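Predicted, not measured: the structure shown is a model, and the values here were computed from it.
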Amino acid sequence: MPSLRKFTPLVLLAAMVDAAFGPYFSTGPTASGVYIYSSTATVTLPNSPSGAGSGYDLSLWVGMGTSLGDLVQSITDNFNSGWSVYAYTLKSTGPNSQEVIQGPSKSAKAGDVVRVDYQYVATDNYKQTVYLNGVAVSTLTTNDGKALGWGSAVECAATNCGTVAAHQWTNVKIVLSAADPNYINTMGLAGGATASMTTVDGGKTWNIGTISIPKFKF
C-alpha cells in the first residue's frame with residue numbers, strides 16, 4: 001500500500017526567504033524514529049545562465065530538512081557569472097525567522113565537479129563537506145536535530161536568473177539510520193525533473209543514482 005506520509009518539499013522550506021524555484025526532486029519524511037544518517041551527491045557545474053539580469057544570484061543545491069526546522073544545504077552559487085561553493089545551513093530561530101550559518105567559500109567554474117556529503121556525527125549534529133574536483137574546500141557542523149527529508153533545488157534569489165542549463169546530480173545515495181522500505185513512496189518530482197530510487201538492503205540504503213534537472217527559464 002502506498003505511504004500516506006507527507007513532507008513539505010525542501011524548496012518550500014527554503015522559500016521562507018524571498019526566492020523563486022525551478023525543477024526539483026524531494027523525499028521525506030522518514031518513518032517514525034528513522035532519520036537520514038548520511039548522503040552524497042555530485043554535480044558538474046553547468047555554464048552560467050543565459051539572459052540573466054544584472055545582479056542575479058542563482059543557487060543549485062541538495063539539502064536536508066530537519067526535525068528542528070533547519071535546512072542543511074551546501075550551495076553551488078552563481079552570482080553575476082561566477083561560481084562559488086560552500087557549506088551552508090539555514091537555521092530556524094523562530095516560527096518566521098532563520099539564521100544563516102556558512103562555511104568557507106571557494107571559487108569554481110563551469111565544468112568543475114562538486115561533491116556534497118552530509119554525515120550525522122554526534123547527537124543531533126550534521127557535518128557538511130563540500131569537495132571541489134576531489135579536494136575538500138568547505139566544511140560546517142551544526143546542531144540541527146534529525147534530518148527527515150532530502151531533496152534538490154534550482155533557486156533564484158529574485159526572478160532575474162534567466163535560463164539555467166540542464167544539469168544532473170549523480171552518484172546520489174541516502175543512508176538512513178534504520179530500514180524504511182516505504183521511503184520510496186515519499187519521492188516527489190516537479191518541473192520535469194527525473195529520478196528513481198532503489199534499495200538492496202530492505203530500505204536502509206537508497207541509491208538514487210542520477211537526478212536529471214531540465215533546462216529552466218525563470
Side-chain angles (χ1 to χ4, degrees), residues 1-15 21-43 60-74 87-92 114-131 141-155 167-214:
M1 171 182 268
S3 169
L4 297 179
R5 285 182 267 160
K6 299 294 183 184
F7 188 69
T8 301
L10 300 188
V11 295
L12 298 184
L13 185 62
F21 293 88
Y24 66 82
F25 164 92
S26 68
T27 62
T30 52
S32 178
V34 178
Y35 57 91
I36 297 171
Y37 183 75
S38 66
S39 72
T40 186
T42 299
V43 64
L60 310 178
W61 52 265
V62 291
M64 304 188 298
T66 79
S67 58
L68 295 183
D70 297 350
L71 184 55
V72 176
Q73 51 167 158
S74 292
Y88 183 97
T89 295
L90 195 59
K91 190 163 186 62
S92 175
V114 179
R115 192 180 96 212
V116 175
D117 289 356
Y118 300 142
Q119 179 70 54
Y120 188 83
V121 291
T123 303
D124 292 347
N125 282 266
Y126 282 94
K127 180 180 181 180
Q128 306 174 47
T129 306
V130 181
Y131 297 87
T141 300
T142 47
N143 184 268
D144 304 295
K146 293 185 167 58
L148 307 178
W150 191 103
S152 72
V154 179
E155 177 180 352
H167 56 281
Q168 295 182 323
W169 290 95
T170 62
N171 300 315
V172 181
K173 182 169 70 172
I174 301 170
V175 180
L176 304 180
S177 61
D180 179 3
N182 289 321
Y183 192 56
I184 189 173
N185 295 325
T186 71
M187 183 178 71
L189 295 164
T194 61
S196 61
M197 297 174 63
T198 60
T199 181
V200 295
D201 59 6
K204 183 175 182 179
T205 304
W206 289 96
N207 291 296
I208 290 89
T210 298
I211 302 168
S212 294
I213 306 295

Sorted by chain and residue number, the salt bridge (charged side-chain N to carboxylate O under 4.0 Å, His left out) partners of K204 (sequence neighbours excluded) come out as none
V154 side chain reached by H167 side chain, heavy atoms, under 4.5 Å: yes
Measure the spacing between OG1 of T129 and OH of Y118 and express it to the nearest 0.5 Å. 10.0 Å
Only counting residues at least two apart or in another chain, list the ones meeting side-chain contact (heavy atoms from CB on, under 4.5 Å) with A195. F25, L189, I208, I211
Rounded to the nearest 0.5 Å, how far apart are CE of M64 and OG of S38? 9.0 Å
Applying ring pair (Phe, Tyr, Trp, His ring centres under 6.0 Å), can you list everything that pairs with Y131, at least two apart in sequence or on another chain? none
K91: what forms a side-chain hydrogen bond (donor to acceptor under 3.5 Å, both in side chains) with it, not counting sequence neighbours? D70
Contact between Q73 and L90 at the side-chain level, heavy atoms closer than 4.5 Å - yes or no? yes
Set of side-chain hydrogen bond (donor to acceptor under 3.5 Å, both in side chains) partners for T40, sequence neighbours left out: D117
Test of understanding: with salt bridge (charged side-chain N to carboxylate O under 4.0 Å, His left out), list the residues that count as partners of K146, not counting sequence neighbours. D124
Is there a donor in the side chain of S152 and an acceptor in the side chain of W169, or the other way round, less than 3.5 Å apart? no
Sequence neighbours left out, what pairs pass side-chain hydrogen bond (donor to acceptor under 3.5 Å, both in side chains) with at least one residue falling in residues 188-200? T199-D201
Tell me, please, which residues at least two apart from T89 pass side-chain hydrogen bond (donor to acceptor under 3.5 Å, both in side chains). Q128, T142
All ring pair (Phe, Tyr, Trp, His ring centres under 6.0 Å) counterparts of Y126, not counting sequence neighbours: Y120
Is the closest side-chain heavy-atom distance between Y88 and W61 below 4.5 Å? no
Are the side chain of Y35 and the backbone of G145 linked by a donor-acceptor contact shorter than 3.5 Å? no
Mind checking side-chain hydrogen bond (donor to acceptor under 3.5 Å, both in side chains) for T210 and listing every partner two or more places apart, or none if nothing turns up? none
Contact between V116 and V43 at the side-chain level, heavy atoms closer than 4.5 Å - yes or no? no
Exactly one candidate in I36, T27, T30 meets side-chain contact (heavy atoms from CB on, under 4.5 Å) with L148; the answer is T30
